[in-house]
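These numbers come from the heavy atoms of this one structure, side chains and all, not from hydrogens, waters or symmetry mates.
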Amino acid sequence: WLYFPFTLSSIAPRQRPWESGAQCGEGQNASTAVMNGGGAHYYSEEESKQDGGGDTDGGEDSNEQEVIVIQDTGFTVKIQAPGTEPFDLQVSPQEMVQEIHQVLMDREDTCHRTCFSLQLDGNVLDNFAELKSIEGLQEGSLLKVVEEPYTVREARIHVRHIRDLLKSLDPSDAYNGVDCNSLSFLSVFTDGDLGDSGKWKKKGSDLEQIDCTPPEHILPGSKERPLVPLQPQNKEWKPMQCLKVLTMSGWNPPPGNRKMHGDLMYLYMVTVEERHISITASTRGFYLNQSTTYTFNPKPANPSFLSHSLVELLSQISPAFKKNFTVLQKTRVQRHPFERIATPFQVYSWTAPQVDHTMDCVRAEDAYTSRLGYEEHIPGQTRDWNEELQTTRELARKNLPERLLRERAIFKVHSDFAAAATRGSMAVIDGNVMAINPGEETRMQMFIWNNIFFSLGFDVRDHYRELGGDAAAHAAPTNDLNGVRAYGAVDVEGLYTLGTVVVDYRGYRVTAQSIIPGILEREQEQSVIYGSIDFGKTVVSHGKYLELLERTSRPLKVQRHNVLNEKDESVELCSSVECKGIIGNDGRHYILDLLRTFPPDLNFLPVEGEELSPESVRQGFPRQHRHRLACLRQELIEAFVEHRYLLFMKMAALQLMQQKANKESKMATLTENSSPEAAVPALPSTENPDSPLEGKAEAEDSIPGLAQAKELAESLAAEDGSDPKSREVVLNACKAVGSISNTSFDIRFNPDIFSPGVRFPEDSVDDIQKQKQLLKDAAAFLVSCQIPSLVKDCLDHSALPMDGATLTEALHQRGINVRYLGNVLEFVDKTPAKAQLEHFYRIGISEMITRCAKHIFKTYLQGVELSALSAAVSHFLNCFLSSFPDAVAHLPADELVSRRKNRKRRNRVPGGGDNTAWASLTPSELWKNIVSEAQSYYNFTLENADQVVEKYGLQKITLLREITIKAGIQILIKEYNFDSRHKLAFTEEDILNIFPVVKHVNPKASDAFHFFQSGQAKVQQGYLKEGCELINEALNLFNNVYGAMHVEICACLRLLARLNYIMGDHHEALSNQQKAVLMSERVLGVEHPNTIQEYMHLALYCFANGQLSTALKLLYRARYLMLMVCGEDHPEMALLDSNIGLVLHGVMEYDLSLRFLENALAINSKYHGPRSLKVALSHHLVARVYESKAEFRSALQHEKEGYTIYKNQVGEAHEKTKESSEYLKYLTQQAVALQRTMNEIYKNGSNASIMPLKFTAPSMASVLEQLNIINGIIFIPLSQKDLENLKAEVQRRQQLQESGKSMEEATEATRASGFTMAPCCLEITTDTLSQNSGDYYDFVLL
C-alpha cells in the first residue's frame, strides 16, 4: 500500500511500524500515480505531462502560510540503475528516500529489484531521511542504484515481491478479500483509459458504427435480473503464465554448514516448459543448485546463472518466462493506478467466479505466520498496537504540517489495526488461537493474539443479566465502539481510549481491543480508579479523570453529576458509571466501557411510574426492547440541542420584544412585567410535557425571524447580564428549554438516569427530575420531528435511498436508530402522498426482512460445525429465497467416513447444541420466524408470511444481495432460478466463502475537510475559481492523510470534476470523474448506489467529450446496477432513463430512445406528481423524439401536456411557457406541411410536386444542452446588471433562510421580486425551472 512515512525524530526507525519498510506487493504499491511527497502530487513521466504537478494556490488567508509550508516545490533527480539507461524522477523535498525505493520497485524497468541502496557520490542514503536533509542533493543530482547483499528477510521480501508482480493482473486476491485488494470493472466499459481518447467523433460516418442496442435485460419493462453481468470478464485477466510453480523447497532451512556458505533459503520451481528446478537464495543472489525432490545437493549447477534478481535468473532459464513477464509488466504499468493501489480497509465482494486454486508459497506461508504488517516474519516481533495507537495521538498538532503528520500516522495505524483485528477475530472463531482461560466453557473464553485482546459477544458471568443477557452483550460492543468514536473525535489531550474493532463472523460477535499496559497483571478492582465495575453498586472517582472528562462534556453534551456509592457517599462523575478509568503502567489515563456515552432512549426503556410525552405514547411507546442498552444516537442529540437552541432564541426574542412594547406603551405595570407568564404568552411551562413543540409553533408565528433573535441575543450578551430585565429574559428562556445553566443556553444529558442500580443523592432530586424530562423530550423529538422530516426529505427527493445501506445512512444522519424502522414505515403508510414514497417503503420493507433474516441466521450458524458450513448456508438461502416448497437440507454425506462410527465428538463450537438441528429448518418456518421477528423487534406486521415478496413487490435478487452483504456470505456468480418449484436455487457448491463484517473507527482528516467545506461554500456563493482552488487543496491534504484511496477523496474528485465541467474543461472533468468512479468501485463496492451515481456523471462528461458509445455503455452499466440494487420503480431511474433516451436520440436511435424517455415520463409522473415541472420537461423530451420521427400528432400531444403544466405552474409570461408555446406553433406548422404533402400525393399520384420537408436530426449541442438541464447544470448568459441583481438576490436568500423562514415563503418572496431561484446542494443557483426543492441546478454565469 502507499505509505506516507514521516519524520518523528523522537522515535527510532525500528519502532515506527506504521511506516513499515515495504509491505510491497503489486496490489500495495502503485506509488507511481499518486505518490504524495509533501502534498503536491508527483507522477511518473507519462502522467506528469497530462496532469501537471497538482500544485494550487494557497487557500484562505489564515491557511495560506501553512499551506505553503507543505508545498515546497519539487525538483528532478537522475536515477542510474544497473543495466538501464539513466532516467529522470521528480521528487519533493518532504519525501523520504524510501519513497524513491517504492517508485523503483513499481517501475516497469526496475520493478524486479528489491534489495538495493541509493547512493549519492558513493555515500549510502538513509532510508528514513527526508530528501531536503541530504547534503548535496539538488536539481539534476545522479543517484546510483547499488545492489546490496541479501539477508533472510531481504530474500523473503524479494520472493514476495516477485510473486506479487506475477499475480499483478490476477483478480483472485480481490475476490478472496485479502491484502486490501478489491474489484473494479470500469475499464471493461471504457476500453482502457479514457484520458487519451478524447477525440471528437465526426458526425456521419463514425456515427453509424456505434452499436446502441442494450442487452435485453436492461430495456425498460424487462423482468429478467441476471447476476452474471455484475462481474464482466476483463480480457486482461486471462493470466499470462510465467511460471507453473514457485514455492519454498522442502529442504529449508539450510543446515548449519550451508549457512556458513551463505545459503539463506531454497526455492523449488516448475517453469512453463515443464523444467523442475531447485534454486538457492544466497547472500550474493540466486543460483541454480543440484538438489532434486528427494536428494539434497546444494552445489551450484552448471551453469549456475548467479543473478542478483530472481527475474534475471528465470529469464535466462525459461524463454517463456522472459517473454510473458515482459508483456505482463507492460500491461500492469498501463492499468490505471487506482485499479491497483490497495484500499485502506478491506472491501469484500458478495459474488465471485470459480477461481482456480494454485500453489502459492507466499499465501501458504502467510496462513501459518502471524504476518500482519510486514515485520512479523521476524519471530517474536509483534507490533505493540496500544503503544502505536497512543503514540500517534500524542504527536504535536500546533500547525498544519504537524497536524497532517499526526492524522496520517493515526489513520495508518488504525487501518493496520483493523486489518490485524479482523484477521485475529477470524482465527479465534476458526479455533486457531488458544484461549487464555482454556478451562472455562467455550462461550466464556477470552484470547490474546498479536497483542490484541479478543472477547466473544456472550453474557459472561451474568454481567448483563439485568440488562438483557446475551442480547445486551451483543449490543454493548457496538455502543462501546460509538463511544470510542465520539471521544476520539473530541480528541482531548491526555485522555486515551482503546483501539476497538467489532467483528461479526460465522454468527459470532468478537470484540478486539488493544491492551492497556499492565492490566493483565492486576485484578480489575485494583486497576479501576474511576467509575464502577458492577453497574453502579460501588463507584469511585478521581480528580484527574474529572478534569479530563470535563473537557469532553460540552462537545458530547454529558452533564457532570453525583451518584451514591455503596456507603451512601456522594461521588462526582462526568460520564456514565460504567465508564471506567484505568491508569496504565505507561502512566496514561485510559477510559473504557463507553457503552453509555449517550443517554438512554426512553421510547425503548419502559420504567415503572414514568409517563412519556404524548407524542411518544401516541406511537405506542414505551416498548420493551431486547435489551436495556438502547441509547440515542449522537446525531439525534446534536439535532435536539440545535432545535432547542432555536427555541431558546425565539423565546428570548419574543420576551424582549414584549418588554420593548411595554416600555413604549408605558401601560404595563411593574407587577405584570415581572411575572414571566405575562411577559411571554407563548412560554411553555416545564410541567407541560408537550411544551417544546406547541411553544415552538406559536413562537414561530409571532417572531419576525431568527435574524432578529440573533441580534437581540447579541445585545443581551453585550449588556453582560447587568440589566436585571434581560437577565430575567434569559433565565425564563433557559428554564423553558431545559438548559442546565440559568445564564446561558447549555443543554447536557446525565447518562446515568434510569440506569438500574444507580442511585442519586437527595439534594439533586430537582435536577434529576429536569433531566428525566429532557430525556422524554428528546425521545419525543425523535418521533415527532426527525421521522417526519426524513419522510418529507424523501418526498421532495433531497434524500434518495436506493438500498439498505443508503437507507440506514439516511436514518442515522437524522439520528434515527434502525430499531425505529417499523415506526418510519408506519408513518409512510399513513402519509397522504404514500404513492410517491413507494420506493422508500419497498426499500424499508426489504431492509426489515433482511435484518430479521440476519438475526435468525446468526443464531442458526452458531449451531453448525465447520464441516457442514456450506451445506447449512445454502439450506438457509434456499429456505429464504427459493420457491421450492420443501427445501430439504443435504446433510453432507461425510466425505471421510470414519471406521468407528459412533465415537463421541467433543463439540468445540461456542454455544453450539445439536450439530444437525440446522437441517430441520423449513421455508415456511423461516418466514414465520421472520414475520414474528419483525413484529417483536420492529413492532411491524408483515402480512401473510408466504407471499411477502409478492405483496410488497420485492425482487429476490435484491434480497439476495442484501442478506449476503449483511451476513458476509460470498456466493458463486451464476444465474439462480428462484422461481422453480422443482429444483432448489442454491447448492452447497454455490457458497464460496464467509467473510467477516467489520465495524471500526474512521479517523478523519480535519484540515482537509475544512478546506473542502470552505470550497463548497465558495462555489455556493458563485466563486467557482476560488472554490475550485480550495477543493484542489483539500484533495492534496486528503491524499496526504489517507493515501490515494478513500471515500472522502472520492467526493472531492466528484465535485472537482463537476466544477471542471461547468468551467468548460471537459477533459479534466473526464479525468477526475474517471478517478472518482474507480475509487468508488474499489472503496464502496462495484454496485454501491454511489458508484451508480458516479457512472452517470462520467457518462455525461464522456458525451461532452464526444465519446458517445462509451457514454452509452456507462449508462447501460448504471441502469443494470440500479435494476439489481433497487429495481426499475425508483425516482432516480427516471433521471437515468432520460439520460439514456437523450443520448440515443442524439445517435438517431429514435424507437429505442422513446422506450427510455417514456419510461422516465411515467416514473416522473408517479414520483413528482403529474403537474411537476420535471414531468413537463419529460413531455418535451418525448415530443422532440416524435418530431424527429415525423410523428407530429404524438409530438403535439406531449408538448401540449408540457405547455399546460408550465402555464399552470409558472404563468404565461414565463420564458419556459413561451418556449413551449413557440415549439407548439412550429410542430403545428410541420404537421400541416406534412398533411398537405400527403394530400398532394394522394391527389396527383406519382407526378405530385412535393415540397421538401425539414426532418431534423438533433444536433449534438442541443442534446448536450438538454442533458445538462436534466442533470442540473444550466448555462445562462447574464449582463453585468443581472449579475449584480443575482448577487444581491443570493444574499437576500441566505438571510431569509437564516431567519428560519421555510423554503416556501422564501420562494414566494423571490417570485414576487420577479427572480426565481432554487436551493442548491453545491452550487449557486437561479432556477428557472424548479419548484420542488428536490430539483437541484448548478448555474454558470457566462
**Asked** So which of T511, L595, V501, V1001 actually passes side chain to side chain contact (heavy atoms under 4.5 Å, CB included) with L481?
**Response** V1001
**Request:** Flag the pair D793 and R814 as a salt bridge only when some basic side-chain nitrogen lies within less than 4.0 angstrom of an acidic carboxylate oxygen.
**Result:** yes
**Message:** Using the ring centroid of each side chain, check whether F781 and H643 are separated by less than 6.0 Å.
**Reply:** yes
**Message:** Less than 4.5 Å apart, side chain to side chain, heavy atoms only: is that true for I930 and I856?
**Reply:** yes
**Complete:** Quick note, salt bridge (charged side-chain N to carboxylate O under 4.0 Å, His left out) partners involving residues 755-769, not counting sequence neighbours, are D568-R759
**Prompt:** Are F621 and Y820 near enough that their ring centres are under 6.0 Å apart?
**Reply:** yes
**Request:** Please round to the nearest 0.5 Å and tell me the distance separating atom CG of L825 and atom CZ of R842.
**Result:** 12.5 Å
**Item:** Rounded distance [0.5 Å steps], OG in S455 versus CZ in R509
**Value:** 11.5 Å
**Request:** Determine the minimum heavy-atom distance between V824 and F840, stating which atoms define it.
**Result:** CG1-CE2, 3.7 Å
**Request:** Answer yes or no: is there an ion pair linking R618 with E615, defined by an N-O contact shorter than 4.0 Å?
**Result:** no
**Asked** Taking the six-membered ring for Trp, are the ring centroids of Y530 and H542 within less than 6.0 Å of each other?
**Response** no
**Complete:** For S575 and H561, the nearest pair of non-hydrogen atoms, with its separation, is O-CE1, 3.2 Å
Only pairs under 3.5 Å count here: list side-chain donor-acceptor contacts from residues 467-475, not counting sequence neighbours, and write none if there are none.
from : atom 1 : to   : atom 2 : distance (Å)
D470 : OD1    : R443 : NH2    : 2.9
D470 : OD1    : D459 : N      : 2.7
D470 : OD2    : R443 : NH2    : 2.6

**Request:** Measure across P600 and P751 and return the closest heavy-atom pair with its distance rounded to 0.1 Å.
**Result:** CD-O, 4.0 Å
**Asked** What pairs with E943 under side-chain contact (heavy atoms from CB on, under 4.5 Å), at least two apart in sequence or on another chain?
**Response** K951, Y952
**Prompt:** Is it true that K776 and E610 have a side-chain N and a carboxylate O under 4.0 angstrom from each other?
**Reply:** yes
**Complete:** Residues passing the side chain to side chain donor-acceptor pair (under 3.5 Å) test with R596, sequence neighbours excluded, are E578
**Message:** I need the full list of salt bridge (charged side-chain N to carboxylate O under 4.0 Å, His left out) pairs touching residues 625-636, with sequence neighbours left out, sorted by first then second residue.
**Reply:** R626-E933, R633-E635
**Prompt:** Would one find more than 12 heavy atoms of other residues, nucleotides or ligands at under 6.0 Å from atom CD of E611?
**Reply:** no
**Request:** State, to 0.1 Å, how close A476 and L629 come at their nearest heavy-atom pair, and which atoms those are.
**Result:** CB-CD1, 3.9 Å
**Message:** Between K854 and E847, does any side-chain N to carboxylate O distance fall below 4.0 Å?
**Reply:** no
**Asked** When you check the side-chain N and O atoms of N732 and Q655, is any donor under 3.5 Å from an acceptor?
**Response** yes
**Request:** Test E962 against K966 for salt bridge (charged side-chain N to carboxylate O under 4.0 Å, His left out), laying out the working first.
**Result:** CA-CA 6 Å; E962 293 284 354; K966 285 183 178 56; 2.9 Å; yes
**Asked** Which atom pair, heavy atoms only, marks the closest approach of H625 to A630?
**Response** CD2-CB, 4.2 Å
**Prompt:** What is the ring orientation for F648 with Y645, classed by angle as parallel under 30°, tilted 30 to 60°, or perpendicular over 60°?
**Reply:** parallel
**Prompt:** Can you tell me if Q836 uses its side chain to pair, donor with acceptor, with the backbone of L795 under 3.5 Å?
**Reply:** no
**Message:** Quick check for you: to the nearest 0.5 Å, what is the distance between L636 atom CG and I816 atom CD1?
**Reply:** 8.5 Å
**Item:** Any donor-acceptor N/O pair, N565 side chain to K567 backbone, under 3.5 Å
**Value:** yes
**Asked** Does any N or O in the side chain of T808 come within less than 3.5 Å of the main-chain N or O of G804, such that one atom is a donor and the other an acceptor?
**Response** yes
**Message:** Between K928 and S932, is there a side-chain heavy-atom distance shorter than 4.5 Å?
**Reply:** no
**Message:** Is it true that D796 and S798 share a donor-acceptor pair across their side chains at a distance under 3.5 Å?
**Reply:** yes
**Message:** Contact between L592 and T497 at the side-chain level, heavy atoms closer than 4.5 Å - yes or no?
**Reply:** no
**Request:** Tell me, yes or no, whether the heavy-atom count around Q935 atom CD, taken from other residues, nucleotides or ligands under 6.0 Å, exceeds 12.
**Result:** yes
**Prompt:** Q786: what forms a side chain to side chain donor-acceptor pair (under 3.5 Å) with it, not counting sequence neighbours?
**Reply:** none
**Message:** Between D746 and S739, does the side chain to side chain donor-acceptor pair (under 3.5 Å) criterion hold? Intermediate values first, please.
**Reply:** CA-CA 5 Å; D746 189 1; S739 164; over 6 Å; no
**Request:** Mind telling me whether F749 and F640 have parallel, tilted or perpendicular rings, with 30° and 60° as the class edges?
**Result:** tilted
**Prompt:** With a 3.5 Å cut-off and no angle check, do the side chains of T806 and D803 form a donor-acceptor pair?
**Reply:** yes
**Request:** Taking D601 for its side chain and L632 for its backbone only, find out whether a donor-acceptor pair lies under 3.5 Å.
**Result:** no
**Asked** Would you say the ring centroid of H589 lies under 6.0 angstrom from that of Y545?
**Response** yes
**Item:** Derivation of the ring-ring contact (aromatic ring centres under 6.0 Å, His included) call for Y937 and H855
**Value:** CA-CA 10 Å; Y937 196 91; H855 296 171; 4.9 Å; yes
**Complete:** Nearest heavy-atom contact between G844 and L821 is O-CD2, 3.7 Å
**Request:** Decide whether R560 and S553 meet the rule of one side-chain donor and one side-chain acceptor closer than 3.5 Å.
**Result:** no
**Asked** Is there a donor-acceptor pair closer than 3.5 Å between any side-chain N or O of S532 and the backbone N or O of D534?
**Response** yes
